[in-house]
Amino acid sequence: MTFKVVHTFALEGVDLGEKLLSSLDVSFVKGMWRTENEIIKNAKDADAVVGAVSIHPFNRRVLGALSKCRIIGGIAVGYNTTDVEAATEYGIVVTNVPDYCMDEVSGLAIGLMLSLGHKIPQIDRAVRERNISLTMDRNALVEVAYPMFRMRDQTLGIIGFGKIGTATALKAKGLGMQVIAYDPYVLGAVMETHGVKPVDLETLLKESDFISLHTPLNQETLNLIGHEEFKKMKSTSYFINTARGGCVDQESLIRALREGLIAGAGIDVTIDEPIAATNPLIRMANVILTGHSAFYSVTSESELYVKPMTQVVMALKGEWPTYAVNSEVKNKWMGKWGKKD
Ligand code: NAD
């Protein structure tokens, strides 16, 4: 049987894992199709679709038009632009790549924390622009770097103790820091096995010197951190967001930075991406912006693009894919597409 696999997010120069399809009789079609109509036009007779499930519209209309499709192989951790409920109704399994960049994102969160804590951008700028040695010029050192604290004496508060939150906590423990965490869905005992103290959100906001956000974006976490939360933070604290822009009320973040409710921020993700040229965060010297690059390394990028194809191959062979996000459809799906031994 010949299958049709359509890749709707085929970036140039990236290994899409096409080689994995060679064990099957497959016609492979690839392109960069962003709109509903483009996706429908190119994928309507596909048995499997690979696409950007957190950027492009895999909504009810699109999914309903994919009449033969058994799997949407998503290229991302999140799948916020995909109507998973509609996919379940249409008997389509949706997969994501939940485990490709834990090390990279936690690494950037720690990198932002160290950069903020050690004031690396400010010192770098002073050295380049003023041609000074900060060992010999204490006044300049104080002007640029004061106050700075020993990291080992600092407390990191992690909001969202999932895969990336846990990896960030473990790295911070390696630096000798105290780590506390808030996650209503993770048992305190699990945090304690990692040497992390479970606390409620209010305690975390009040006691942390650095706060790192690692929740998913959903109805519950939309604007999770707003003015009330920033008001509870220490004025010397730093806020780090490598999760999703929507988890933070951006106006409140800007206000907190302007009014000195916090000392600075490390921001990888914003509501508008790319960030607007008029966004005040761009002009703030105590803010580090990393433009949603946290996921990236040579290794993680390769996993991000190849892993969805492993899911497609499983699905075309009648096997339930490892990274299915809508297990509710499993019985129906296996009844229709599952391998009959
Ligand atoms: P995960 O599902 O493993 O962990 C998320 C944790 O958040 C879970 O433990 C969950 O219980 C917790 N949580 C849910 N609601 C909460 C709430 N209201 N308060 C506190 N905790 C809550 O996810 P992950 O893989 O660790 O990813 C974390 C975040 O990082 C996600 O937002 C993801 O989209 C983002 N991410 C960003 C990048 C990037 O490039 N910046 C890359 C990958 C992932």
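Every number for a ligand or one of its atoms is a count from 1 in the order of the listing. As the structure is a computational prediction, the values presented were derived from the model and not from experiment.
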Taking only non-hydrogen atoms of His292 and a 4.0 Å limit, the atoms of ligand 1 in range are 39 (C), 40 (O), 41 (N)
Does any N or O atom in Phe295 lie less than 3.5 angstrom from one in ligand 1, N or O only?
yes
If you measure every N/O of Lys163 against every N/O of ligand 1, is any gap under 3.5 Å?
yes
When you look for heavy atoms under 4.0 Å from ligand 1, do you find them on the side chain of Cys101, its backbone, both, or neither?
side chain
Quick one: look up the protein heavy atom nearest atom 9 (O) of ligand 1 and list residue, atom name and how far away it is.
Asp183 OD2, 2.6 Å
Does NZ in Lys336 sit with more than 12 non-hydrogen atoms of other residues, nucleotides or ligands closer than 6.0 Å?
no
Of the listed options (His214, Glu104, Arg244), which comes nearest to atom 34 (O) of ligand 1 when hydrogens are ignored and any heavy atom counts?
Arg244
Closest protein heavy atom to atom 42 (C) of ligand 1, given as residue, atom name and distance to 0.1 Å:
Val105 CG2, 3.4 Å
Residues, nucleotides or ligands: over 12 heavy atoms within 6.0 Å of Lys4 NZ:
yes
For Asn331, look at atom CG and say whether over 12 heavy atoms of other residues, nucleotides or ligands are found less than 6.0 Å away.
no
Short N/O distance, under 3.5 Å, between Pro98 and ligand 1?
no
Looking only at protein heavy atoms, which one is nearest to atom 17 (C) of ligand 1, and how far off is it?
Glu220 OE2, 3.8 Å
Between Asp99 and Lys163, does any side-chain N to carboxylate O distance fall below 4.0 Å?
no
Once side chain to side chain contact (heavy atoms under 4.5 Å, CB included) is applied, do any residues pair with Asn218, and if so which ones, sequence neighbours excluded?
Pro216, Glu220, Thr221
Should the heavy atoms of other residues, nucleotides or ligands under 6.0 Å from CD of Glu85 be counted, would the total exceed 12?
no
Would you mind listing which atoms of ligand 1 come within a distance below 4.0 Å of any non-hydrogen atom of Gly160?
7 (O), 12 (C), 21 (N)
Measure the distance from atom 14 (C) of ligand 1 to every protein heavy atom, then report the residue, atom name and distance (to 0.1 Å) of the closest one.
Pro216 CD, 3.6 Å
Verify side chain to side chain contact (heavy atoms under 4.5 Å, CB included) between Leu11 and Tyr305, making sure each step is shown before the conclusion.
CA-CA 9 Å; Leu11 290 173; Tyr305 287 98; 3.0 Å; yes
Just go through Ala294, Ala109, Gly162 and tell me whose heavy atom is the nearest to atom 4 (O) of ligand 1.
Gly162
Tyr100 vs Phe295 aromatic rings, parallel, tilted or perpendicular, using cut-offs 30° and 60°?
tilted
I need the atoms of ligand 1 closer than 4.0 Å to a non-hydrogen atom of Phe161, numbered in the order shown.
9 (O)
Which residue from Ala181, Pro184, Gly291 reaches closest to atom 19 (N) of ligand 1 through any of its heavy atoms?
Pro184
Does the side chain to side chain contact (heavy atoms under 4.5 Å, CB included) test come out yes or no for Ile159 and Ile225, once each step is laid out?
CA-CA 10 Å; Ile159 304 177; Ile225 305 298; 3.8 Å; yes
Is the count of non-hydrogen atoms from other residues, nucleotides or ligands lying under 6.0 Å from Asp25 atom CG greater than 12?
yes
A student comparing Thr242, Leu108, Asn96 should find that the heavy atom closest to atom 37 (C) of ligand 1 comes from Thr242
Check each atom of ligand 1 against the heavy atoms of Tyr182 and keep those under 4.0 Å away; list them by number with element.
19 (N), 20 (C)
Starting from atom 35 (C) of ligand 1, find the nearest protein heavy-atom neighbour and note its residue, name and distance.
Ala243 O, 3.6 Å
Tell me the contacting part of Tyr296 for ligand 1: side chain, backbone, both, or neither, using a 4.0 Å heavy-atom threshold, strictly below.
neither
Out of Thr168, Asp99, Thr215, who gets a non-hydrogen atom closest to atom 29 (C) of ligand 1?
Thr215
If you compare all heavy atoms of Thr290 against all heavy atoms of Leu108, which two are closest, and at what distance to 0.1 Å?
OG1-CD2, 3.5 Å
Which heavy-atom pair separates Thr215 from Ala243 by the least distance, and what is that distance?
O-CB, 3.4 Å
Please check if the number of heavy atoms outside Arg283 that lie under 6.0 Å from its CZ is greater than 12.
yes
Tell me whether Asp268 has any N or O atom under 3.5 angstrom from an N or O of ligand 1.
yes
for atom 44 (C) of ligand 1, nearest protein heavy atom and its distance come out as Ile164 CD1, 3.6 Å
Atoms in ligand 1 with a heavy atom of Val186 nearer than 4.0 Å:
9 (O)
